Amino acid sequence: MTSPGSDFLKAAVERGFVHQCTDEKALDELASRGPIPAYIGFDATADSLHAGSLVPIMLLRLLQRTGHKPIVLMGGGTTKVGDPSGKDEQRQLLTDDQIDANIRGIRRIFENFLVFGDGPTDAAMVDNAEWLDDLQYIPFLREYGRHFSVNRMLGFESVKLRLEREHPLSFLEFNYMVLQAYDFLELSRRRNCVLQMGGSDQWGNIVAGIELTHKCDHRQLYGLTTPLLTTSSGAKMGKTASGAVWLNEGRLSAYDYWQYWRNTEDADVGRFLRLFTDLPLDEIGRLEALGGAEINEAKKILAGEATKLCHGAAAAAAAAETARKTFEQGVIAEDLPAIAVDSGELKAGVPAYELIRRAGLAASNGEARRLIKGGGARLNDVAIGEETAQVTSADINADGVIKLSAGKKRHALVRPT
RNA sequence: GGAGGGGUGCCCGAGUGGUUAAAGGGGACGGGCUGUAAACCCGUUGGCUUAGCCUACGUUGGUUCGAAUCCAACCCCCUCCA
């Protein structure tokens, strides 16, 4: 490809956001003429998003920073259908109330990454329930359904996966693609939106929308997908010991979020800095060139910048400080995750495995027992030898707390009350 | 509607009457080595009040001293035929 002329596409390519584009040249030209509205759709299946959605989120942020209008499309309507892409199983259907609550939670996340408002480059959030909820079945089929070829749809990746793996694909889900295609048409009509972006698994759905709009309105739209992000060793992004890497404080603390980025593999540091921070490219180039143990400095910067975007500068600084104390000085930091335990209960003695479970360091007592047996559990930094060891008030340290650890990185405090 | 194949733990996938909480692989977690990295080596991987008990191989019943394994009915998926 020749070097793009528009700020947006140039930055998107250089920072590694582009996997495929329907017509890079034409899109580049369009983007260099003035602000273009572009959207990415998000499902409302949970009240938060996780790190897997971060690439699209950062792409919208980049779009805004380079002078264009990001549109966040909430799938309030399509979530009632369920995207079969990448899913073996049919999704559980959510109620309207759940979906509304989820959209509210997700909006709070976007407010950290984008500037919302009414200006030409201000972000907007739209819910496709606005037009999908009131669709009339027969008129819709007659006007739009006739443009879709089932023959072609059967060939799409999202459908093929289910068919090949012999998993059920309901007609309901089969329609997801049709509705997403229709979304693009609606957004081009209502908001003059010309570009849909999304993960590489969305390619088929995006192209379907472009084709539909072309057939209905004779209007040329564009699509751009981001690469599926895996770590250098091939693992999917966004998972951690205690589950997914969520983007809201309630589900994953800013400290754990910081830790997630701090533990990035060496080989991924440059790539992640480009994708998940706003740092200029020449500085990133300098950071990723650091060799040996020095690359840890780059990881701290990555963690700091990424956490700043998601949780704010104060939380990022606090997380960095907690990490410094915990790892570099071995001191107990105040804001490690903590649980409160009744001091009377402590006086009587509580099995260590139970406290480990309650502190969220293990999912069950059995898992905690195994952790102890395997030598991975520590009480105030001393390995717990006995599987049935009791923790009592005698274990409260000078700071008035008890420190529990699972492995070297996961710590929690027990505060007597 | 007819014929055949199939539904196993987080995922894939073995297992056709007992020694099966279920081979093997993946993933995950822990230990070792390191740099809070990767690679590599080792261990663990249903729950509980853990030398014991409980729950589990689509669902519900049945045969048997004993069932993931045999039988029946039902549910779901796949393939071919109508």
Side-chain angles (χ1 to χ4, degrees), chain A residues 84 86-90 154 159-171 173-174 230-245 255-273 287-288 290-304 307 319-331 333 336 348-379 381-390 404-411:
Chain A
K87 297 276 184 307
D88 288 351
E89 301 284 327
Q90 182 167 2
L154 288 175
V159 174
K160 252 173 30 192
L161 176 84
R162 284 281 189 90
L163 296 181
E164 278 167 12
R165 301 184 73 170
E166 304 188 357
H167 283 291
L169 176 73
S170 67
F171 183 65
E173 296 171 286
F174 189 58
T230 57
T231 68
S232 289
S233 33
K236 278 197 195 102
M237 284 277 301
K239 279 176 109 183
T240 174
S242 35
V245 181
Y255 172 74
D256 286 330
Y257 190 76
W258 193 94
Q259 279 298 321
Y260 175 73
W261 296 107
R262 175 61 183 72
N263 284 306
T264 298
E265 294 175 26
D266 286 9
D268 291 326
V269 171
R271 199 158 55 105
F272 286 5
L273 281 167
L287 287 171
E288 77 178 321
L290 293 173
E294 285 188 350
I295 192 115
N296 282 328
E297 292 311 310
K299 290 184 190 180
K300 286 180 201 166
I301 291 170
L302 169 63
T307 308
E321 181 57 16
T322 303
R324 201 181 60 78
K325 280 186 187 155
T326 309
F327 286 98
E328 292 175 22
Q329 300 181 348
V331 176
L336 283 173
V350 183
Y353 59 79
E354 192 183 322
L355 280 183
I356 290 170
R357 193 208 73 225
R358 282 209 244 164
L361 296 175
S364 69
N365 286 352
E367 190 179 316
R369 279 165 176 271
R370 273 180 247 124
L371 189 69
I372 296 171
K373 222 187 290 182
R378 271 167 296 130
L379 173 69
D381 295 316
V382 179
I384 303 173
E386 270 301 305
E387 197 179 324
T388 51
Q390 296 274 315
L404 291 170
S405 311
K408 286 178 183 144
K409 295 177 195 170
R410 295 153 58 216
H411 308 281

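Every chain is numbered from 1 and lettered A, B, ... according to where its sequence line falls, protein lines coming before strand lines. Remember, predicted model here, so these are calculated numbers, not experimental data.
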### Query
Considering only heavy atoms and no angle criterion, is a donor-acceptor pair shorter than 3.5 Å present between the side chain of A:Gln259 and the base of B:rU36?
yes
### Message
Only Watson-Crick and G-U wobble pairs with both distances less than 3.5 Å should count. Give RNA chain B in dot-bracket notation, marking inter-strand partners with |.
### Response
((((((((.[[[..)..(.....]]]((((((.......))))))(((...)))...[[[[[..)....]]]]]))))))).
Short N/O separations, protein against nucleotides 20-26 of chain B, under 3.5 angstrom:
none

### Pairwise C1' distance, B:rU69 and B:rG7 [rounded to whole Å]
15 Å
### Query
Would you say the side-chain atoms of A:Asn263 pair up with the backbone N or O of A:Tyr260, donor to acceptor, closer than 3.5 Å?
no
### Summary
Note: for A:Arg378 and A:Lys299 on RNA chain B, the residue whose nearest nucleotide lies more 5' is A:Arg378
### Task
Please measure how far the P atom in B:rG18 lies from the corresponding atom in B:rA67, and state the result in whole Å.
11 Å
### Message
Between P on B:rC29 and CZ on A:Arg410, what's the gap in Å once rounded to a whole number?
### Response
8 Å
### Task
Could I get the full list of side chain to side chain donor-acceptor pair (under 3.5 Å) partners for A:Arg378, not counting sequence neighbours?
none
### side chain to side chain contact (heavy atoms under 4.5 Å, CB included) partners of A:Leu371, counting only residues at least two apart
A:Ile356, A:Ala377, A:Ala406
List, with names and distances, any nitrogen or oxygen atoms from the protein found under 3.5 Å away from nitrogen or oxygen atoms belonging to nucleotides 40-45 of chain B.
none

Using the 3.5 Å cut-off, write out each protein N or O paired with an N or O of nucleotides 49-54 of chain B and the distance between them.
from	atom 1	to	atom 2	distance (Å)
B:rU49	OP1	A:Asn365	ND2	3.4
B:rU49	OP2	A:Asn365	ND2	3.1
B:rU50	OP2	A:Arg369	NH2	2.9
B:rU50	O4	A:Arg369	NE	3.4

